[in-house]
Amino acid sequence: MPESSPPDASGATTAAPAVPPPSFVKLAMRNMVRKGRQSLLHFGLTAVGLSSLLLLLAWFGRPTLPQ
């Protein structure tokens with residue numbers, strides 16, 4: 001049930017513009033659009049780093065076959 005402001009003396013409710021604060025995701029997306037080149041650079045570095053980490057873990061965990 002939505003909250004409403006208390007009625008005035010005249011009996012009418014005052015409609016206060018209740019604008020919810022923007023969510024974290026919305027702020028992050030807005031920031032990413034504003035800093036487009038920097039965001040793409042950071043995304044690329046993260047992708048390369050994560051791929052490297054997964055390859056390194058796969059190399060350390062590779063099975064050893066008897067000769």
Side-chain angles (χ1 to χ4, degrees):
M1 178 173 203
E3 290 185 22
S4 63
S5 57
D8 289 343
S10 63
T13 59
T14 57
V19 178
S23 67
F24 177 75
V25 173
K26 192 170 187 173
L27 289 175
M29 293 297 285
R30 188 178 300 159
N31 192 28
M32 189 177 76
V33 169
R34 192 170 42 124
K35 298 180 179 181
R37 187 180 179 112
Q38 186 179 10
S39 296
L40 286 176
L41 176 67
H42 289 168
F43 177 74
L45 289 174
T46 302
V48 168
L50 184 61
S51 298
S52 300
L53 176 69
L54 290 176
L55 284 174
L56 185 67
L57 289 175
W59 186 75
F60 280 129
R62 71 182 188 278
T64 56
L65 298 175
Q67 300 269 334

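Computed from heavy atoms alone, side chains included, the values below leave out hydrogens, waters and symmetry copies.
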What pair of heavy atoms forms the shortest contact from Ser39 to Asn31, and how long is it?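 Looking at all heavy atoms of both residues, the closest pair is OG-O, 4.5 Å.
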
Group every Ile, Leu, Val, Met, Phe, Trp and Tyr by side-chain heavy-atom contacts under 4.5 Å, then state whether Phe24 and Met29 land in the same group.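 Different hydrophobic clusters.
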
Atom pair CG/NE2 of Leu45 and His42 - distance to nearest 0.5 Å: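 If we round to the nearest 0.5 Å, Leu45:CG and His42:NE2 are 6.5 Å apart.
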
When Ser52 is tested against each of Val48, Leu56, Leu55 for side chain to side chain contact (heavy atoms under 4.5 Å, CB included), which residue passes?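 By the side chain to side chain contact (heavy atoms under 4.5 Å, CB included) criterion, Ser52 pairs with just one of Val48, Leu56, Leu55: Val48.
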
Any Arg30 side-chain heavy atom under 4.5 Å of Val33 side chain: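 Answer no - side chains too far apart.
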
